[in-house]
Colleague: 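One structure coming up, written as structure tokens, with questions to follow.
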Number of protein chains: 2
Amino acid sequence: MAHDPETTTRDRIVATAMELFVLQGYGATGIAQILAASGAHAGSLYHFFPTKEDLLLATLEERKRLLRPEVLDPIWARYSDPIERVFGLLDGYRQMLQTTGFRHGCPIGNLALELTESHPQVRKVLAELFDLWADAVAACFAEARGRLPADRSPADLARFVLVTMEGAVMLARTHRTLDAYDTAVSQLRDYVERLLVDGSEWHRPNPATRTPNQENRHEVRTDRDAGARRRQRARRHQEVPARVVRRPRRRRRAGQG
Amino acid sequence: MAHDPETTTRDRIVATAMELFVLQGYGATGIAQILAASGAHAGSLYHFFPTKEDLLLATLEERKRLLRPEVLDPIWARYSDPIERVFGLLDGYRQMLQTTGFRHGCPIGNLALELTESHPQVRKVLAELFDLWADAVAACFAEARGRLPADRSPADLARFVLVTMEGAVMLARTHRTLDAYDTAVSQLRDYVERLLVDGSEWHRPNPATRTPNQENRHEVRTDRDAGARRRQRARRHQEVPARVVRRPRRRRRAGQG
DNA sequence: AAGGCACTTGAGCGATCGTTCCAGCATGGC
DNA sequence: GCCATGCTGGAACGATCGCTCAAGTGCCTT
């Protein structure tokens, strides 16, 4: 199989695994599927990574490396106000949910709950990734320190933002509604607004690029694009060959038709 | 194998599966492990449940049935103030994290992220479970309507509580610290306090049974029991035979020692 | 007593899992 | 020219997966 000559086999394996682990989970993604989707062979994969877990760790290290340039910087470039940046970041996850038909949530969250118990080494790296993310948000709040109560810890606020984002993504994916996400984020926004010390200005974002969903402050969202989402879901495509699903060979569910 | 004559085979299978699915996840729990832990045989299991997924659905239905009597009622009995009940509920999850050494989180959350994509029917039931939980919390806020702004939707507030809980559990399990949980919950509490209309009384809980971690309002937690937690983790026990973990037969991780 | 039915026992099926192994190939230093 | 080294291609391994099935057990009805 001929591949992009610019990419090495190792990179293709890591990139493919990173995507599949997030989409399907770690356990549900087979080595065979990674090999097929990346066009590599077992020998190559095991040349670079002694075990599947080592491959996972490599993808997580890659995510650590990419967090700033690929996730934060594009949003930091769009907003200059530090608090606006925080909510711009949250809007990024909203867009991810929307454009992928809820297939992509937070890359870390899925793996966190799946693997904390069974894979201590993975757990550690996931915790570091959470910290990296929270630190970036904390830096925003620290920059906006003048507008926040002096006894407010930026780090605590940042953790609360992360908690809200992860929980909101979970609910949105389960309900398959952006409603769930927007409800949580607008209440978080309301909270932050209430914290602002009197007389300080609330965000005045760059007029150029505006994101949706900020007209509604603490009044709740309207699910503007349910139709588009449904359409999207209808033509949902399998970009990579899915792991073969085991189908029961006999009877299926008696009732419910 | 002789079993408690009071329980039927079906009930033992469901109870065992319910526990294992939550502890280890759905995919990571094998039928063989469920059979071994429940003392049943393959034929019996497949007599009652056509597929593994049907068994999962049965455990989720059981959780729906048990939510009120086993989760809500005990806490409702401890607190009479509706807002206090909400935070009592959150404290219940904190205790679960603490007493199980972070092995038990929210029973629904784990499964939600693992299965939303691949198992639509399961996703639907999980969404119903989330709704059931949120409805119960919304009822609390509705009961406290007089103390909350009139335009506040109890349902939205309840969703925010659920989002916070799920996100906080995720972070706490990943970091293996109650800090992460407490930070989020106390900020949520702070938010609710700020919503309270002037002059209304904040909680005045039953003096008898008090829970920990409510002396700290919006000032952040102290990790009171890190020592106890460490001790707890040290003697962590495997109550059920774990699924056999596939171990690589050759080389392990070169560096790091 | 006999037959029906719900359930149990436990061996075994084909598929897929993560992993292993080795012959082959390209490149670079001698 | 030749060997060492880094990587590829792909068959194969043993274990485990979810699931099947047929014979057996014991209670219920008639």
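Just so it is clear, the model here is predicted, and its values are computed rather than measured. First the proteins, then the strands, lettered A, B, ... as listed; each starts at 1.
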Colleague: Looking at A:Thr9, I'd like to know whether one of its side-chain N or O atoms comes within less than 4.0 Å of OP1 or OP2 on D:dT8.
Modeller: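 So the side chain of A:Thr9 is within the cut-off, an N or O lying under 4.0 Å from OP1 or OP2 of D:dT8.
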Colleague: Give the rounded distance in Å between these two atoms: CZ of A:Phe49 and P of D:dG6.
Modeller: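 Checked: the CZ to P distance equals 16 Å.
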Colleague: Go through B:Tyr26 and B:His119 one step at a time and tell me if the ring pair (Phe, Tyr, Trp, His ring centres under 6.0 Å) criterion holds.
Modeller: CA-CA 11 Å; B:Tyr26 174 72; B:His119 295 68; 5.5 Å; yes
Colleague: Could you state the NE2-P distance from A:His47 to D:dC7, rounded to the nearest angstrom?
Modeller: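 It works out to 4 Å between those atoms.
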Colleague: Of the listed nucleotides (D:dC17, D:dG10, C:dG18), which one gets closest to any side-chain atom of B:Ala32?
Modeller: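 Looking only at heavy atoms from C-beta outward on B:Ala32, the closest nucleotide is D:dC17.
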Colleague: Just do the salt bridge (Lys or Arg N to Asp or Glu O under 4.0 Å) check on B:Glu128 and B:Arg123 with the steps written out, would you?
Modeller: CA-CA 9 Å; B:Glu128 288 166 13; B:Arg123 203 216 82 227; over 6 Å; no
Colleague: Which one, D:dG10, D:dT8, C:dT19, comes nearest to the side chain of A:Lys52?
Modeller: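 Of the options given, the side chain of A:Lys52 lies nearest C:dT19.
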Colleague: Nearest 0.5 Å please: distance from the CZ atom of B:Arg63 over to the CZ atom of B:Phe21.
Modeller: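 One gets 11.0 Å once the value is rounded to the nearest 0.5 Å.
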Colleague: Rounding to a whole Å, what distance do you find between A:Ile34:CD1 and C:dT16:C1'?
Modeller: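 Going from A:Ile34 (CD1) to C:dT16 (C1'), I get 14 Å.
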Colleague: Just checking, is any N or O donor in the side chain of B:Gln95 or B:Asp91 under 3.5 Å from an acceptor N or O on the other one?
Modeller: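 Yes, because at least one side-chain N or O of B:Gln95 sits under 3.5 Å from a partner of the opposite role on B:Asp91.
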Colleague: Side chain of B:Ser44 only, please: which of C:dC7, C:dT9, D:dT8 is the nearest?
Modeller: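 Minimum distance to the B:Ser44 side chain belongs to C:dT9.
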Colleague: Measure from the side chain of A:Ile31, starting at C-beta and using heavy atoms only, and say which of C:dT19, C:dT8, D:dG18 lies closest.
Modeller: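 Comparing C:dT19, C:dT8, D:dG18 against the side chain of A:Ile31, the answer is C:dT19.
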Colleague: Specify the separation, in whole Å, of atom OH of B:Tyr46 and atom P of D:dT20.
Modeller: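 Those two atoms, OH and P, are 7 Å apart.
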Colleague: Could you state the CZ-P distance from A:Arg10 to D:dT8, rounded to the nearest angstrom?
Modeller: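 Going from CZ in A:Arg10 over to P in D:dT8 covers 12 Å.
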Colleague: Whether B:His41 contacts C:dG10 is assessed here as follows: a side-chain N or O lying under 4.0 Å from the phosphate OP1 or OP2. Is that the case?
Modeller: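 Answer yes for this pair, as a side-chain N or O of B:His41 is under 4.0 Å from OP1 or OP2.
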Colleague: I want to confirm an ordering. Mapping A:Ala42 and B:Gly43 to their closest nucleotides on DNA chain C, which one lands closer to the 5' end?
Modeller: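 Whichever sits nearer the 5' end wins; that is B:Gly43.
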Colleague: What is the distance, rounded to the nearest whole Å, between atom CG of B:Leu45 and atom P of C:dG10?
Modeller: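 One finds 16 Å between P of C:dG10 and CG of B:Leu45, rounded.
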Colleague: What is the distance, to the nearest angstrom, from the CD atom on B:Gln24 to the C1' atom on D:dC17?
Modeller: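 So the two atoms are 15 Å apart, to the nearest Å.
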Colleague: Can you tell me how far P of D:dT20 sits from CZ of B:Phe48, to the nearest Å?
Modeller: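 The distance from CZ of B:Phe48 to P of D:dT20 comes to 17 Å, rounded to the nearest Å.
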Colleague: Between B:Arg65 and B:Glu70, does a salt bridge (Lys or Arg N to Asp or Glu O under 4.0 Å) hold up when you go through it step by step?
Modeller: CA-CA 9 Å; B:Arg65 208 176 60 75; B:Glu70 304 256 298; over 6 Å; no
